[in-house]
Amino acid sequence: QVQLVESGGGLVQPGGSLTLSCAASGRTFSVLDMGWFRQGPGKEREFVAVITWSGANTSYGDSAKGRFTISRDNAKNTVNLQMNNVKPEDTGVYYCAAARAYRGSIYGNTYDAWGQGTQVTVSA
C-alpha cells in the first residue's frame, strides 16, 4: 500500500501561483500513475491532472489546461502541481492519488490510494 501526503496549500491571491507537492511512500513510486483531484465548497470531486508512471504523458482537466502543470520526480518519490494564474474558482481541497501503472485516468475510481488533501484558497 502506498501512503500519500500533500503539502503546499494555502491562501493565494487571484492571478498568483502556488505549487502543491505530494510525497509517496510504501510502494515503488516509479510504477504508479499519479493524479491530482480537487473538491471545491459544495462541489463534487473534480479531476485536475494525471501523469503516467514514466512521466512521459500528462492529461489535464478543462479547468487546469494552460494554467497548471503536473510533474514528477521518481528519484524523490514526489509529484507536483504547479498552479499559475489561479482564480477564485480554484479554491478547494486538493488531493493526490495513486494508481497502478497504466490505470491512471480522469476517473477517481481507478485510483487505489489517496492523500488527506491540502486546502487551497484563492482570494484577494
Side-chain angles (χ1 to χ4, degrees):
Q1 185 73 341
V2 62
Q3 289 79 46
L4 305 172
V5 179
E6 301 96 336
S7 61
L11 176 64
V12 59
Q13 293 186 341
S17 297
L18 198 65
T19 300
L20 306 183
S21 294
C22 174
S25 62
R27 189 171 178 178
T28 305
F29 181 74
S30 60
V31 298
L32 298 173
D33 291 347
M34 299 298 297
W36 284 96
F37 290 76
R38 70 185 185 188
Q39 187 164 17
K43 298 181 181 179
E44 294 186 353
R45 184 176 62 192
E46 175 187 14
F47 167 74
V48 176
V50 61
I51 187 167
T52 55
W53 61 274
S54 66
N57 295 294
T58 59
S59 181
Y60 297 90
D62 288 341
S63 61
K65 288 178 181 176
R67 299 188 300 126
F68 296 0
T69 301
I70 188 171
S71 62
R72 67 188 296 158
D73 186 336
N74 284 350
K76 297 181 178 179
N77 289 359
T78 58
V79 59
N80 291 336
L81 184 70
Q82 173 68 43
M83 304 168 60
N84 295 327
N85 189 25
V86 296
K87 304 175 181 179
E89 51 263 43
D90 293 323
T91 294
V93 179
Y94 283 69
Y95 298 93
C96 172
R100 285 173 285 172
Y102 305 108
R103 288 181 57 85
S105 76
I106 66 173
Y107 303 106
N109 60 9
T110 63
Y111 294 81
D112 304 304
W114 295 79
Q116 82 289 349
T118 186
Q119 175 70 45
V120 172
T121 302
V122 182
S123 176

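Note that the numbering runs from 1 along the sequence shown for the chain.
Listed by first and then second residue, the disulfide bond (SG atoms under 2.5 Å apart) pairs involving residues 25-79 amount to none (not counting sequence neighbours).
Between S123 and L11 the shortest side-chain heavy-atom distance falls below 4.5 Å. Between V79 and I70, the closest side-chain pair of non-hydrogen atoms falls below 4.5 Å. Side chains of T69 and Y60 form a contact here, defined as non-hydrogen atoms less than 4.5 Å apart. For the pair V12 and M83, the minimum side-chain heavy-atom distance is 4.5 Å or more. No side-chain heavy atom of R100 sits under 4.5 Å from any side-chain heavy atom of T110. Side-chain contact between Q116 and V5 is present, with at least one heavy-atom pair separated by less than 4.5 Å.
Counting only distance, with no hydrogens or angles, the side chain of R67 and the backbone of N85 share a donor-acceptor pair below 3.5 Å. With Y111 contributing its side chain and S105 its backbone, the two residues share a donor-acceptor pair below 3.5 Å. Judged by distance alone, with hydrogens and angles left aside, the side-chain atoms of T118 form no donor-acceptor pair with the main-chain N or O of Y94 at under 3.5 Å. At least one donor-acceptor pair closer than 3.5 Å links the side chain of T52 to the backbone N or O of N57. Side-chain atoms of R72 do not come within 3.5 Å of backbone N or O of D33 as any donor-acceptor pair.
Cluster membership for F29 and V31, using ILVMFWY side-chain heavy atoms within less than 4.5 angstrom, is not shared. The hydrophobic cluster containing W114 does not contain I51, counting ILVMFWY residues as joined when their side-chain heavy atoms lie under 4.5 angstrom apart, directly or transitively.
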Only distances under 3.5 Å count here; give the side-chain donor-acceptor pairs of residues 13-26 to other protein atoms, sequence neighbours excluded, each with its distance to 0.1 Å.
from : atom 1 : to  : atom 2 : distance (Å)
S17  : OG     : N84 : OD1    : 3.0
T19  : OG1    : Q82 : OE1    : 2.4
S21  : OG     : N80 : OD1    : 2.8

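Side-chain N/O atoms of E46 and S63 include a donor and acceptor closer than 3.5 Å.
Salt-bridge check for D90 with K87: failed, with every basic side-chain N at 4.0 Å or more from each acidic carboxylate O. A salt bridge is defined here as a Lys NZ or Arg NE, NH1 or NH2 lying under 4.0 Å from an Asp or Glu carboxylate O, and R103 with D112 fails to meet this definition.
Going from atom CG of L4 over to atom CG of L32 covers 8.0 Å, rounded to the nearest 0.5 Å. Put simply, CG on L81 and CE on M34 are 11.5 Å apart, with the number rounded to the nearest 0.5 Å.
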Using the rule given for side chain to side chain contact (heavy atoms under 4.5 Å, CB included), can you reason through E89 versus V122, listing the C-alpha separation, both sets of side-chain angles and the distance that settles it, and then say yes or no? CA-CA 8 Å; E89 51 263 43; V122 182; over 6 Å; no
